2 protein chains.
Amino acid sequence: MARDSTDSRGGRGTNKDTRGRIVDASGGLFRRNGYTGTGLKQIATAAGAPFGSIYHFFPGGKEQLGAEVIRWSGEMYLRLFETAMDAAPDVVTGVRDFFAGAAETLRETDYADACPIAAVALEVASTNEPLRQATAEVFTSWIDAGTEHLVTSGLSRETGRTLMISMLAGLEGAFVLSRALRSTEPVDVAGATAVATVREALREAQ
Amino acid sequence: MARDSTDSRGGRGTNKDTRGRIVDASGGLFRRNGYTGTGLKQIATAAGAPFGSIYHFFPGGKEQLGAEVIRWSGEMYLRLFETAMDAAPDVVTGVRDFFAGAAETLRETDYADACPIAAVALEVASTNEPLRQATAEVFTSWIDAGTEHLVTSGLSRETGRTLMISMLAGLEGAFVLSRALRSTEPVDVAGATAVATVREALREAQ
DNA sequence: GTCTATACTTTGATAGAC
DNA sequence: GTCTATCAAAGTATAGAC
């Protein structure tokens, strides 16, 4: 019963099962090289798994693997967001800390690790409908979760949703700029803007 | 909105020379399918050019072509931005119109045409240094040009730059979300946020 | 300069031995 | 379930006829 592995889905053992290692390695490679830019053989090598294992665990091939990686990465990042928000005394601080953490991660990873699915999302938006839907589900889940936090903090559902979309857009766009420019300035600026906007919205809602 | 052009620069005939058609076709394909997702044979076909012509005009192969497409697309989009700003009576209206035009283009192209280089930028940021530099130059040119408009409107250089980065990040991130969700809501929201922020900044600067 | 043919590599995917 | 061998197709790139 009380196994160590975090959750159900049989999926996220850090070093245990081959399947988990494949998903994990794919997530890292997709994030940096994109979907078409990552080969299945490359994934097998990075995961330390034989090539055949990919098709053993993912009979649907690259597309099935891609969809699962997108959803899994989305859940992980959502969990990271929730953790940051729960740890903060208020929503403004939570937002500030989350952006600060994103900037720190960018620096630490030489501007490689930003949004786990943005690169794939832009690649598949007009070329692969199943994967596009997967990215849409992830973004929707993030927007809904963030909206909930803002509603809890006193905003109306509508302004909460609008504000959350605006902040997420700011973060995603800042990731694009920061990775290209190799500077955290865009993320820092977007974070400051987000903090100011949330603070203002909360004040007006009082 | 973001269509062709007829101009100088010594070589951008819409239908004239083979080289121009190759760059043009590549821009459209890179934007939709990404860099690695677009093949040179595909480009030749789309451009109505023989395969050998690509290597005739771009001896450096795909990378040289990619770099030129990034810079050329960046110039085109900058020109589009300048045109929108010059046509508007004030900077606030200009920003509003630009976001509105972006949303309209998204709708008209079935959410395919957004930022001309974002997909490539995320793909090459950690994998191809020459192309990453090309995207960085483009983003920098956009930020500088936008900052100039804001400074002209009365903002300090520092707040102008910060505001421009924030708006560009909002636009880029909104493009990611809008293409994935197949909805202009993110671009609409980001536009409204940008307009409100510029208006507020101008008021404070008075 | 235009265009075709081809070399070489890598891709996603499958079959089958163990 | 693990792993290797191999396939057909597509990728980039080159050579050379016209």
Side-chain angles (χ1 to χ4, degrees), chain A residues 5 9-11 13 15-30 32-70 119-120 123-124 126-131 134, chain B residues 10-13 15-30 32-70 119-120 123-124 127-131 134:
Chain A
S5 183
R9 223 269 311 274
N15 262 354
K16 263 200 172 158
D17 52 351
T18 304
R19 192 196 153 95
R21 288 204 315 276
I22 291 174
V23 173
D24 197 23
S26 301
L29 290 169
F30 286 165
R32 293 171 176 77
N33 314 334
Y35 180 72
T36 54
T38 303
L40 293 182
K41 293 175 183 177
Q42 193 182 356
I43 290 173
T45 300
F51 182 75
S53 294
I54 294 182
Y55 281 91
H56 173 71
F57 292 110
F58 305 93
K62 193 181 188 181
E63 188 170 288
Q64 183 188 349
L65 172 60
E68 187 155 328
V69 168
I70 289 168
V120 177
E123 259 183 308
V124 304
S126 302
T127 59
N128 188 315
E129 183 58 16
L131 293 190
Chain B
R12 231 313 266 151
N15 263 355
K16 262 194 174 163
D17 53 350
T18 305
R19 192 194 152 94
R21 288 204 315 277
I22 291 174
V23 173
D24 198 22
S26 300
L29 290 170
F30 285 164
R32 293 171 176 77
N33 313 333
Y35 180 73
T36 53
T38 302
L40 293 183
K41 294 176 183 176
Q42 194 182 357
I43 290 174
T45 300
F51 183 75
S53 294
I54 294 181
Y55 281 90
H56 173 69
F57 292 110
F58 305 93
K62 193 181 187 182
E63 188 170 287
Q64 183 189 348
L65 173 59
E68 187 154 329
V69 168
I70 290 168
V120 177
E123 258 183 308
V124 305
T127 59
N128 188 315
E129 183 60 15
L131 294 190

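Values below: every heavy atom of this structure, side chains too, minus hydrogens, waters and symmetry copies. Here is the naming used below: chain letters follow the sequence lines, and residue numbers restart at 1 for every chain. Being a predicted model, the structure only gives us computed values, none of them experimental.
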Nucleotide [N], atom [atom2] - distance to [atom1] of [X] in whole Å:
X	N	atom1	atom2	result
B/Leu29	D/dA10	CG	P	16 Å
B/Glu63	D/dG11	CD	P	18 Å
B/Gln42	D/dA13	CD	C1'	17 Å
B/Leu65	D/dG11	CG	P	15 Å
A/Leu40	C/dT11	CG	P	9 Å
B/Lys62	C/dT9	NZ	C1'	14 Å
B/Ile54	D/dA13	CD1	P	10 Å
B/Gln64	D/dT12	CD	P	15 Å

Is the shortest side-chain heavy-atom distance between [X] and [Y] below 4.5 Å?
X	Y	result
B/Glu63	B/Tyr35	yes
B/Thr36	A/Glu123	yes
A/Leu40	A/Tyr55	yes

*What heavy-atom pair brings A/Leu131 and A/Gly66 nearest, and what distance separates the two atoms?*
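That would be CD2-C, 3.8 Å.
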*asked:* Using every non-hydrogen atom in the two residues, find where B/Val69 and B/Val23 come nearest and quote the distance to one decimal.
replied: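 Heavy atoms of B/Val69 and B/Val23 come nearest at CG2-O, 4.0 Å.
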*asked:* Using the rule given for side-chain contact (heavy atoms from CB on, under 4.5 Å), can you reason through A/Asn33 versus A/Gln42, listing the C-alpha separation, both sets of side-chain angles and the distance that settles it, and then say yes or no?
replied: CA-CA 11 Å; A/Asn33 314 334; A/Gln42 193 182 356; 3.4 Å; yes
*Quick one: bend of the helix from C/dG1-D/dC18 to C/dC18-D/dG1 from 5 pairs per end, to 10°?*
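Taking the rotation axis at each end, their angle is 10°.
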_5'-most by nearest nucleotide on DNA chain C - A/Lys41 or A/Pro59_ =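 Its nucleotide being nearer the 5' end, the pick is A/Lys41.
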Would you classify [X] as touching base, sugar-phosphate or nothing, given that sugar-phosphate means primed atoms plus P, OP1 and OP2, and contacts are heavy atoms under 4.0 Å?
X	value
A/Gly52	base
A/Phe57	sugar-phosphate
A/Thr36	nothing

_Measuring from the side chain of A/Pro50 (C-beta onward, heavy atoms only), which nucleotide among D/dG1, D/dT4, D/dT14 has the closest atom?_
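Among the listed nucleotides, the one closest to the side chain of A/Pro50 is D/dT4.
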_Minimum-distance nucleotide (side-chain atoms of B/Tyr55 versus C/dT14, D/dT2, D/dT12)_ =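 The listed nucleotide nearest to B/Tyr55's side chain is D/dT12.
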_Short side-chain N/O contact to C/dT2 OP1/OP2 from B/Thr18, under 4.0 Å_ =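 Checking B/Thr18 against C/dT2: at least one side-chain N or O falls below 4.0 Å of OP1 or OP2.
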*Step by step, work out the side-chain contact (heavy atoms from CB on, under 4.5 Å) result for A/Lys62 and A/Leu65.*
CA-CA 5 Å; A/Lys62 193 181 188 181; A/Leu65 172 60; 5.6 Å; no
